Amino acid sequence: MRVAVIGGGVTGLAVAYRLAEVGAEVSVFEADRQLGGLATYHDYGPFYWDRFYHVILPSDRHLLAFLGDIGLGDEVVWKPSRTGYYEDERFYSISNSLEFARFPPLTLTQKLRLALAILYCSRVRDWRALEQITVGDWLLRLCGRRTFEKFWRPMLLAKLGDAYQRVSAVFIWSYIQRLFSARDRSAAAGEQLGHVRGGYRTVLARLVALIGAAGGAIRPATAVQRISAGERRGGLLVETATSRERFDKVVFTSPMNVLRRVVAEELVAVSSPAEAIEYLGVICMVLVTRKPLVPFYVVNIADRRIPFTGIIGMSNIVPLEETAGRHVTFLPKYVLADDPLLRAPDEELRPMFLEGLRRMLPGAADKGIESVHINRAFRVQPLQVLGYSRLVPEVETRHPGLYVLNTAQFVGGTVNNNHVVESVDRFVARYGRSFSGPSAVPREPPVGVGPPAADRQRRLAQGV
């Protein structure tokens, strides 16, 4: 069974690996030069690490099981984490119950009300009613204005930017569900966060090796331009700038706007326009320093003068031997995908972010900043506005060999790699058997659609 997987992010590579397990001959097409999507890595000079920040929670059972399946279970490293809060030019630690009880910005009554609200939220099972109220209004009702302004609003800004004002309460419900479960499972040893040694570069390399060992092919820097029906010979035709190949089945994992652009109209029907879904993007400055900037994994910022929405001290959970003795700190700012700031040049963003850092940490320059990197992502996650589940496009594939699996279809939860792996495993449990049969399309070499035929013959003769 010849299968094309469109998209080489975590979804695409995970589904390709699972389908290779059941005997499919898989080819993964990825438009970017690097695989991984949001989980890809970056060359920081002395070391490689993730382009954006990722951690594993003890409650991420689907992701942990998947890592075990691909032989990386023993490579997951756990470390206790600390949480910080910045307000009025001061840092506070709220990493455990005692520190939270001493948290000066809130009174004892407000802290009790906050704790009860978190407990209540963790026990809510039906999220659909929460789609009808904004996250801000819901938290105001549960906790009161001061608790919202001092505790929740900085967290919402850190995760959503100013767009939080249009997001439903489902967002914070799913966040608390995941976080509360993590703390509950690791309570005996204190809150812990995990990572795979070497970051997601290790995960991507292992998946590429396993897919290749099963006879699959990985094709980075290969954008799919058209997917159409195979007509008389059956199957589906996948066209790129340089080839046209026939496959028995296609699994499409790229965003909806790409699907509408490349998949022939007669093969798929989408119930709502792709423009109905808004996406959040992120600007993420990464600092490589010789000394740590903060003692926390995450710092929530309650000062609107600071241009970024949080500080992620990755080296507080990742051993320095993995980053060549350097400390890695992420400064994220979440904005809507169409925000002009997301497209601003590095020369404009760098001084803006560094000035904000100096305001928080006047001695930041003394930490030995070795390099500054600015990474961007234009589609981090769909914005879960009021009634989001009604906006999610219902995709009807009109060809038995075409399947669609992407993050735009996620409802009732945040987008994270545990959720991604869970969706892949559900997909394979439902459809996996249909990918295990012999190929029904004729075995033929890829047909080039780029250079003229004579030029192709010349290239072949020259071994190009």
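Note that the coordinates shown come from a computational prediction; the quantities given were computed from them, not determined experimentally.
No more than 12 heavy atoms of other residues, nucleotides or ligands lie within 6.0 Å of CD in E265, so this atom counts as exposed by the packing criterion. Within 6.0 Å of CZ on R398 lie more than 12 heavy atoms contributed by other residues, nucleotides or ligands. Heavy atoms from other residues, nucleotides or ligands lying under 6.0 Å from CZ of R426 number 12 at most.
Looking at F252 and V224, their side chains never come closer than 4.5 Å, going by heavy atoms from C-beta outward. Side-chain contact between D425 and R18 is present, with heavy atoms from C-beta onward closer than 4.5 Å. E355 has its side chain out of reach of P307: every pair of non-hydrogen atoms, C-beta onward, lies at least 4.5 Å apart. Here the side chains of R246 and L237 are in contact, with some heavy-atom distance below 4.5 Å. In this structure, V3 and V250 have side chains that are not in contact, with every pair of non-hydrogen atoms separated by 4.5 Å or more. Looking only at side-chain heavy atoms (C-beta outward), L64 and V76 come within less than 4.5 Å of each other. Using a 4.5 Å heavy-atom threshold, the side chains of R379 and N257 count as touching. Between L287 and L357, some side-chain heavy-atom pair lies under the 4.5 Å cut-off.
In this structure, CG in L259 is found 8.5 Å from OG in S254, a value given to the nearest 0.5 Å. Here the straight-line distance linking atom NE2 of H54 with atom CH2 of W49 works out to 10.5 Å at 0.5 Å rounding. We find the CZ-CG distance between R2 and L236 to be 12.0 Å, quoted to the nearest 0.5 Å. The distance from atom CG of L331 to atom SG of C284, rounded to the nearest 0.5 Å, is 7.5 Å. Taking CG of L207 as the start and CG of L72 as the end, the distance is 8.0 Å to the nearest 0.5 Å. The CD1 atom of I374 lies 13.0 Å from the NZ atom of K333; values are rounded to the nearest 0.5 Å.
E25 places no side-chain N or O within donor-acceptor distance of the main-chain N or O of G215, the cut-off being under 3.5 Å. In this structure, the side chain of D137 does not engage the main chain of T134 through any donor-acceptor pair within 3.5 Å. At distances below 3.5 Å, at least one donor-acceptor pair connects side-chain atoms of T253 with backbone N or O atoms of I6. In this structure, N316 contributes its side chain and V294 its backbone to a donor-acceptor pair below 3.5 Å. Not one N or O on the side chain of R197 forms a donor-acceptor pair closer than 3.5 Å with the backbone of V77. Under the 3.5 Å distance criterion, the side-chain polar atoms of N406 are left unmatched by any main-chain donor or acceptor of P255. Side-chain N or O atoms of N416 include one that pairs as donor or acceptor with a backbone N or O of H419 at under 3.5 Å. A donor-acceptor pair is defined here as one N or O able to donate and one able to accept, closer than 3.5 Å; no such pair exists between the side chain of R326 and the backbone of S315. Side-chain atoms of T309 come within 3.5 Å of backbone N or O of P332 as a donor-acceptor pair. Using a distance-only test at 3.5 Å, with no hydrogens or angles considered, a donor-acceptor pair links the side chain of Y44 to the main chain of D50.
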Could you go step by step and tell me if F171 and W138 meet the side-chain contact (heavy atoms from CB on, under 4.5 Å) rule? CA-CA 11 Å; F171 171 82; W138 192 61; over 6 Å; no

Between V55 and H195, is a side-chain contact (heavy atoms from CB on, under 4.5 Å) present by the stated rule, with each step listed? CA-CA 6 Å; V55 290; H195 74 283; 5.9 Å; no

Run I211 and Y17 through side-chain contact (heavy atoms from CB on, under 4.5 Å) and show every step you take. CA-CA 6 Å; I211 293 167; Y17 167 71; 4.3 Å; yes

Audit row: I70, V203, side-chain contact (heavy atoms from CB on, under 4.5 Å) steps and yes/no: CA-CA 9 Å; I70 64 175; V203 179; 4.3 Å; yes

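In this structure, R153 forms no cation-pi arrangement with F148, as its terminal cationic atom is not both closer than 6.0 Å to the ring centre and no more than 45° off the ring axis.
Remark: the S371 side chain and the H373 side chain contain an N/O donor-acceptor pair separated by less than 3.5 Å. Using a 3.5 Å distance cut-off with no hydrogens or angles, the side chains of N417 and Y200 do pair a donor with an acceptor.
The two residues T323 and F47 have their closest heavy-atom pair at O-CD2, 3.4 Å. Closest approach of L383 to R166, counting heavy atoms only: CD2-NH2, 3.6 Å. Listed here is the closest heavy atom pair of F378 and A337: O-CB, 3.1 Å. Here the closest non-hydrogen pair linking G12 and V5 is O-CG1, 3.6 Å. Of all the heavy atoms in S228 and E239, the pair that sits closest is OG-OE2, 4.2 Å. Considering all non-hydrogen atoms of both residues, I56 and W78 come closest at O-CZ3, 3.4 Å.
Residues R206 and E75 are not paired through a salt bridge, judged by the lack of any N-O separation under 4.0 Å between the basic side chain and the carboxylate. Between R201 and D43 there is no salt bridge, since no side-chain nitrogen of the basic residue lies less than 4.0 Å from a carboxylate oxygen of the acidic one.
Ring centers of F427 and Y431: under 6.0 Å apart, within the cut-off. Ring pair F435/Y403: centre-to-centre distance below 6.0 Å.
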